[in-house]
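Quantities reported herein were computed from a predicted structural model and do not represent experimental measurements.
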Amino acid sequence: QAKSLGTNQVCFFDPELQARLQERTQLENDLGQALEERQLFLVYQCQVDEHGDTVGAEALLRWRHPERGLVSPAEFIPLAESRQLIHKIGLWVIESACEVLVKWAQQPALADLTLSVNVSPLQFQALAFVDQVREILSRTRAPAHRLKLEVTESLFVDDRDDICLMMEELKNLGVTFSLDDFGTGYSSLAYLKRLPLDQLKIDQSFVRDLLESSTSSAIVASTIALAHSLDLDVIAEGVEREDQRAWLLEHGCRRFQGYLFGTPATLDEGDLIQR
Ligand code: C2E
Ligand code: MG
Ligand code: MG
Ligand code: MG
């Protein structure tokens, strides 16, 4: 294009970048309709104990785009966050999880399972968040103590009192907290003293090369020890191989999630229960 101007003018028009920006904007607009159009849905991945019995699941969001097919949450969650859509979507996730918990409560084999949902740090910026969760819990009559909110360290970077307060209020409703992707953030460990956490979730990046990297194995062993000494549960995510499971178990980790036990699936595809 620059050439066709026929001069030595500099032209910054980059068709590839332009196309990518356009696609992003289009996707953002589409995401605004995705809930109403029923294109969002949840898949569930089991979490197992040391015997391989399912003790819970994590709900993971999926978007079936009418033209593009399945879009990864790694791609569309950041879009939702940049457009404030995350509040509506996040509440829909929590409400859907609560409805599942109510169904499970009616089946003896499922009644004890916990259900984890991912919560974006941005959702804590809405002052109404706690009230909205309270309202969902009371309307659905879901067993709150079976609902686990997965938060990430980025929530604690600023060490804000109001975040701590909101977490305390949510705890009072009965819900529990898991710290997702532990060890990948940039926050200090000081928050572990102040925040009402229940579980540390070892990030899959450390699990992946656990048996090949002495750094990863040191980090994982320390995380398990830290969890135990702080009286927190600990779960490893991204467990794909039996040797990883064996190593983790040997070092005191008794909760696992990963392809070794099950891939995320809709409930009717149902490979949740491994008993
Ligand atoms: P996450 O919460 O850390 O979820 C774990 C991710 O690892 C999931 O990717 C899961 O499908 C994948 N995974 C599970 N087992 C294995 C394994 O054995 N090996 C490997 N390589 N990967 C495994 P997914 O579903 O693509 O989600 C990616 C991220 O998107 C999540 O990471 C979470 O941060 C975010 N996300 C997903 N659903 C939601 C949601 O409802 N709300 C928010 N705010 N974020 C969400
Ligand atoms: Mg998670
Ligand atoms: Mg994670
Ligand atoms: Mg992760």
Side-chain angles (χ1 to χ4, degrees), residues 42 47 55-61 73 77-78 80-81 84-102 113-203 223-224 226-237 255 257:
L42 289 169
Q47 299 177 333
V55 291
E58 178 177 7
L60 294 156
L61 195 55
I77 293 290
E81 288 175 334
Q84 299 293 310
L85 282 167
I86 192 65
H87 299 289
K88 229 169 120 186
I89 292 175
L91 288 173
W92 178 83
V93 169
I94 291 172
E95 175 153 358
S96 305
C98 284
E99 286 164 1
V100 168
L101 280 170
V102 169
L113 304 188
T114 59
L115 186 51
S116 300
V117 299
N118 294 282
V119 177
S120 162
L122 283 184
Q123 292 180 254
F124 283 82
Q125 286 180 11
L127 292 176
F129 182 57
V130 175
D131 286 333
Q132 287 163 333
V133 174
R134 181 185 295 115
E135 190 273 325
I136 290 171
L137 284 168
S138 69
R139 181 159 43 80
T140 58
R141 297 167 172 273
H145 57 291
R146 305 260 178 245
L147 181 67
K148 211 182 275 293
L149 303 183
E150 291 196 1
V151 296
T152 54
E153 288 164 273
S154 56
L155 184 61
F156 315 133
V157 178
D158 301 329
D159 191 27
R160 282 165 39 189
D161 287 336
D162 53 338
I163 300 277
C164 185
L165 207 67
M166 285 171 92
M167 287 179 72
E168 296 282 4
E169 286 175 351
L170 287 163
K171 283 283 296 187
N172 288 338
L173 299 177
V175 305
T176 58
F177 284 101
S178 181
L179 185 52
D180 205 356
D181 307 334
F182 182 74
T184 62
Y186 293 95
S187 48
S188 83
L189 290 178
Y191 64 79
L192 289 175
K193 268 192 350 193
R194 307 209 301 120
L195 297 170
L197 294 168
D198 301 279
Q199 183 182 66
L200 298 184
K201 195 165 191 182
I202 302 169
D203 188 63
T223 303
I224 295 167
L226 181 65
H228 286 160
S229 56
L230 293 173
D231 209 15
L232 300 171
D233 293 335
V234 62
I235 184 169
E237 72 174 5
R255 292 284 182 274
Q257 181 182 343

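In plain terms, the two heavy atoms of Ile136 and Leu91 that are nearest each other are CD1-O, 3.8 Å. Across all their heavy atoms, Leu61 and Pro73 have their closest contact at O-CG, 3.6 Å. Of all the heavy atoms in Val102 and Pro143, the pair that sits closest is N-CD, 4.4 Å. Taking every heavy atom of both residues into account, Gln123 and Gly90 meet most closely at NE2-CA, 3.3 Å. Residues Pro196 and Met167 approach most closely at CG-CB, 3.8 Å, considering heavy atoms. Of all heavy-atom pairs spanning Asp233 and Ala227, the tightest one is O-CB, 4.2 Å.
Among pairs with a residue in residues 128-161, those fulfilling ring-ring contact (aromatic ring centres under 6.0 Å, His included) read Phe124-Phe129, Phe156-Tyr191, at least two apart in sequence or across chains.
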_With salt bridge (Lys or Arg N to Asp or Glu O under 4.0 Å) as the criterion, how do Arg139 and Glu95 come out once you've worked through the C-alpha distance, each side chain's angles and the decisive distance to 0.1 Å?_
CA-CA 9 Å; Arg139 181 159 43 80; Glu95 175 153 358; 2.9 Å; yes

_side chain to side chain contact (heavy atoms under 4.5 Å, CB included) for Thr223 and Leu200? Distances and angles first, verdict last._
CA-CA 8 Å; Thr223 303; Leu200 298 184; 4.1 Å; yes

*Check step by step if side chain to side chain contact (heavy atoms under 4.5 Å, CB included) holds for Phe177 and Leu149.*
CA-CA 5 Å; Phe177 284 101; Leu149 303 183; 3.9 Å; yes

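Taking CD1 of Ile89 as the reference point, atom CD of Gln84 lies at 11.5 Å (rounded to 0.5 Å).
When Glu237, Arg255, Lys201 are each tested for a side-chain contact (heavy atoms from CB on, under 4.5 Å) with Gln47, only one passes: Lys201. A side-chain contact (heavy atoms from CB on, under 4.5 Å) with Leu155 is found for one member of Leu195, Leu179, Ile163 and no other, namely Ile163.
Ionic pairing of Glu58 and Lys148 is not present here: no N-O contact between side-chain nitrogen and carboxylate oxygen is shorter than 4.0 angstrom. A salt bridge links Arg194 to Asp161: at least one charged side-chain nitrogen sits closer than 4.0 Å to a carboxylate oxygen.
Judged by distance alone, with hydrogens and angles left aside, the side-chain atoms of Asn118 form no donor-acceptor pair with the main-chain N or O of Glu150 at under 3.5 Å.
A donor-acceptor contact under 3.5 angstrom links the side chains of Ser120 and Glu81, judged on distance only.
Residues Leu226 and Phe182 have side chains in contact (heavy-atom distance under 4.5 Å, counting atoms from C-beta outward). Counting heavy atoms from C-beta on, the side chains of Leu60 and Leu42 never come closer than 4.5 Å. In this structure, Leu147 and Thr176 have side chains that are not in contact, with every pair of non-hydrogen atoms separated by 4.5 Å or more. Val130 has its side chain within reach of Arg134: a pair of non-hydrogen atoms, C-beta onward, lies under 4.5 Å apart.
Residues satisfying the side-chain hydrogen bond (donor to acceptor under 3.5 Å, both in side chains) test with Ser116, not counting sequence neighbours, are none.
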